[in-house]
Chemist: 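I have a structure here, written as structure tokens, and I will follow up with some questions on it.
Values below: every heavy atom of this structure, side chains too, minus hydrogens, waters and symmetry copies. We count residues from 1, following the sequence as given.
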Amino acid sequence: MLRAVLVLLCLQFLVWPVQAAQRVALVVGNGAYTQAGPLKNPANDARAIAGKLESLGFRVVTGIDQTMDQMRRSLYEFAQVAEGADLALFFYAGHGVQVGGQNYLLPTDAKLAAEIDLDFATIQMDLVLKQLDRAAKTKIVILDACRDNPFAAELARSMGSTRSAALGRGLAEIKASGGSLIAFATDPGNVAYDGEGSHSPFTEALLQHMDTPGLEINSLMQRVRTDVFRQTGEKQRPWTTTSLIGEVFLSDPVEPEKQPAKQTESQSAAVAAVPTVQAPQVPRSDSTLEIAVWQAAEAGGTAEDFQAYLDQFPEGAFSGLARTRIDRLATAGGQAATAQPAPQPQPQPAGPAAGTAFTEEALDLDRTDRRAIQRRLKLAGHDPSGVDGIFGPGSRRAISSWQSGAGFPITGYLDADQLNALEEETEAAFVRYQAEAARKKAAAKKNSAFRAQAYCAQTGVTGYGNGPDRDTALYNAALDCVNRGGIPNCCAYGARNLN
């Protein structure tokens, strides 16, 4: 008998996602800034998110309008209670800045007058990530902090014209460590809205979907992305990066026993077309392609339209809604109730795959690779707004523009096939560009050497020319002087110091 019970328990754990014995969260909302303009929504956002997480069984450490010392104490407390947790979640709403590709969260008493203040007046995002990685196997980070940098002018002045180029808009991309999901309120390098209501658009969408039973975290974020994208007039698009292994639910999964026992033939056909819980997972779309297909299904409004969406995205963000629409049409005696069984679709040639944040991350591009891609996009007539090796909004628009002309799904992200296509299309122009750049570099070097020789000749002192007896040290000093000040100044310098 005991053996049978143990077998049943093992089977239950194999079928259902493991429920966390300990789920903890740190929720911080900073809006009452004393050295920068206040934000009206972060405190409301944090309180609402904390309440929602507590209702879902999380142990929550909450910080509202915290100073530097208070934020560090909250992080320390969280690190202690999160030790060994099954799931650790961090939510932050407030000001965040990026400098040199690093992200910093701002306490309410932060004042950034110089670059050194980043180390002593802010909470580095890397410190938060370190505590999460140490404490739990599964981590979720949600950042509603992609607003304008309130100290950008002061930092730019203190850093100078060269280093101030490291200042970026919004937050920088964070690569998810093992077992993590990181969600931004908008694309890396872009700015999010604080919102006109009591919550930001991003937090409002989170609150709408967090407690939906059976909604896996990737599907949850897809729904949030869709809601925010529509609510902001397609100006803000939340973005996620993930390395989660298995499924993660903030709310309880839906039990299959709760499905209706009796179904019409059309309902049975619709359900049969959907993979069961035990079916292999289908990769989820992380692009606007799914949104476009869903919008087309809504516009058509027939059971066939919604089934067409399910055929393409059986585990998509709108799959549950699509099945509900099919059932409703059948119950109301609509087209689905009287429609004849649809013929089995004939195999069609597969269209080009859609690029996503995941496929692009798999390319393992370094900054040099990204600069080359930006250059190729520019050569192809799609301006990325700079060749700096950072894929910001300008680069995403350029990629989308190129994808449109090349016949690929428009997502703003590349995959291996698309990168190969871009390289093939621009190879000849890229080779010409590289040759011309090398020629200009060599010409500039040759010109500098010629000017140094001219200076040496004008000084009237032997030993400065090209012959084997020239004084190499003095010649190099002359070359450096020419590069810095021009021949006339160097002649004066030579007469004064070398003659």
Side-chain angles (χ1 to χ4, degrees), residues 16-20 23-27 45-46 48-58 60 86-93 132 136 138-144 146 174 176 179-187 192 199-232 236-255 274-275 277 281-291 294 309-310 313-324 356-358:
W16 295 108
V18 177
Q19 293 298 301
R23 308 201 301 177
V24 298
L26 172 59
V27 177
D45 295 341
I49 291 292
K52 184 74 72 172
L53 290 172
E54 288 175 347
S55 72
L56 295 174
F58 279 78
V60 182
D86 295 316
L87 173 61
L89 185 149
F90 174 69
F91 174 89
Y92 176 81
L132 291 168
T138 303
K139 291 83 64 176
I140 296 175
V141 176
I142 303 175
L143 299 174
D144 195 356
C146 308
I174 303 174
S180 299
L181 180 141
I182 301 174
F184 296 84
T186 190
D187 296 301
H199 298 297
S200 75
F202 181 61
T203 296
E204 186 68 45
L206 280 171
L207 294 169
Q208 181 69 25
H209 298 293
M210 281 175 63
D211 56 358
T212 302
L215 190 60
E216 203 272 334
I217 187 67
N218 287 283
S219 295
L220 187 155
M221 294 312 305
Q222 178 68 61
R223 293 190 183 185
V224 169
R225 182 181 301 114
T226 302
D227 287 356
V228 174
F229 192 61
R230 290 176 176 173
Q231 183 180 347
T232 60
Q236 178 180 332
R237 181 176 62 182
W239 183 87
T240 60
T241 179
T242 181
S243 61
L244 291 175
I245 306 299
E247 294 185 313
V248 174
F249 297 87
L250 297 185
S251 186
D252 294 328
V254 176
E255 298 178 0
V274 180
V277 174
Q281 294 297 307
V282 178
R284 294 177 174 84
S285 170
D286 192 40
S287 70
T288 56
L289 178 61
E290 181 182 354
I291 298 174
W294 172 250
Y309 166 83
L310 286 172
F313 300 100
E315 294 294 325
F318 308 97
S319 57
L321 185 56
R323 296 177 199 122
T324 300
T356 69
F358 305 106

Chemist: Kindly write out the residues that satisfy side-chain contact (heavy atoms from CB on, under 4.5 Å) with Thr324, not counting sequence neighbours, or none if the list is empty.
Modeler: Arg328
Chemist: Which residue is it: Thr242, Ile140, Leu206? I am looking for the one with a side-chain contact (heavy atoms from CB on, under 4.5 Å) to Met221.
Modeler: Leu206
Chemist: Considering all heavy atoms of both residues, which atom of Arg23 and which atom of Phe249 are nearest to each other, and what is their separation?
Modeler: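 For Arg23 versus Phe249, the nearest heavy atoms are NH1-O, 2.9 Å.
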Chemist: With sequence neighbours excluded, tell me which residues meet side-chain contact (heavy atoms from CB on, under 4.5 Å) with Thr138.
Modeler: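 Only Leu87, Leu244, Val248 meet the side-chain contact (heavy atoms from CB on, under 4.5 Å) criterion with Thr138.
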Chemist: Identify the two heavy atoms, one from Pro213 and one from Ser251, that lie closest to each other, and give their separation to 0.1 Å.
Modeler: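 Pro213 and Ser251 have their closest heavy atoms at CA-OG, 3.9 Å.
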Chemist: Applying side-chain contact (heavy atoms from CB on, under 4.5 Å), name anything that partners Thr212, two or more places apart in sequence or on another chain.
Modeler: His209, Leu215, Arg223
Chemist: Quick one: closest heavy-atom pair of Val228 and Phe202, and the distance?
Modeler: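 Closest pair (atom of Val228, atom of Phe202, distance): CG2-CA, 3.8 Å.
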Chemist: Looking at NZ of Lys52 and CG of Leu207, how far apart are the two atoms once the value is rounded to the nearest 0.5 Å?
Modeler: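 The NZ atom of Lys52 sits 6.0 Å away from the CG atom of Leu207.
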Chemist: Report the distance from atom CZ of Arg225 to atom OG1 of Thr186, rounding to the nearest 0.5 Å.
Modeler: 10.5 Å
Chemist: Grab the two heavy atoms, one from Met210 and one from Leu250, that are nearest each other, plus how far apart they are.
Modeler: O-CB, 3.9 Å
Chemist: For residues Thr203 and Phe91, report the shortest heavy-atom separation together with the two atoms involved.
Modeler: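 Where Thr203 meets Phe91 most closely, the heavy atoms are OG1-CZ, 3.6 Å.
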Chemist: Sequence neighbours left out, what passes side-chain hydrogen bond (donor to acceptor under 3.5 Å, both in side chains) with Thr226? Give chain and number order.
Modeler: none
Chemist: Ile174 versus Thr241: any side-chain heavy-atom pair under 4.5 Å?
Modeler: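 With C-beta onward as the side chain, the pair stays apart.
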Chemist: Atom CD1 of Ile142 and atom CZ of Phe90: how far apart are they, to the nearest 0.5 Å?
Modeler: 10.5 Å
Chemist: Provide the closest heavy-atom pair for Ala183 versus Thr240 in the form atom of the first, atom of the second, distance.
Modeler: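 Taking Ala183 first and Thr240 second, the nearest heavy atoms are CB-CG2, 3.7 Å.
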Chemist: What pairs meet the salt bridge (charged side-chain N to carboxylate O under 4.0 Å, His left out) rule with one or both residues in residues 199-208, with sequence neighbours excluded?
Modeler: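 Matches after skipping sequence neighbours: none remain.
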Chemist: Just verifying a value: how many Å separate Ile217 CD1 and Leu181 CG, rounded to the nearest 0.5 Å?
Modeler: 6.0 Å
Chemist: Would you say the side-chain atoms of Ser243 pair up with the backbone N or O of Ser180, donor to acceptor, closer than 3.5 Å?
Modeler: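 Yes; judged by distance alone, with no hydrogens or angles, the pair exists.
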Chemist: To the closest 0.5 Å, what do you measure between CD (Glu216) and CD (Gln222)?
Modeler: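 Reported to 0.5 Å precision, the distance equals 12.0 Å.
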Chemist: List for me each residue that meets ring-ring contact (aromatic ring centres under 6.0 Å, His included) alongside Tyr309, sequence neighbours excluded, and say none if there are none.
Modeler: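 By the ring-ring contact (aromatic ring centres under 6.0 Å, His included) rule, Tyr309 matches Trp294, Phe313.
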Chemist: For Val60, does its backbone N or O pair with a side-chain atom of Glu54 as donor and acceptor, under 3.5 Å?
Modeler: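 Not a single qualifying donor-acceptor pair exists.
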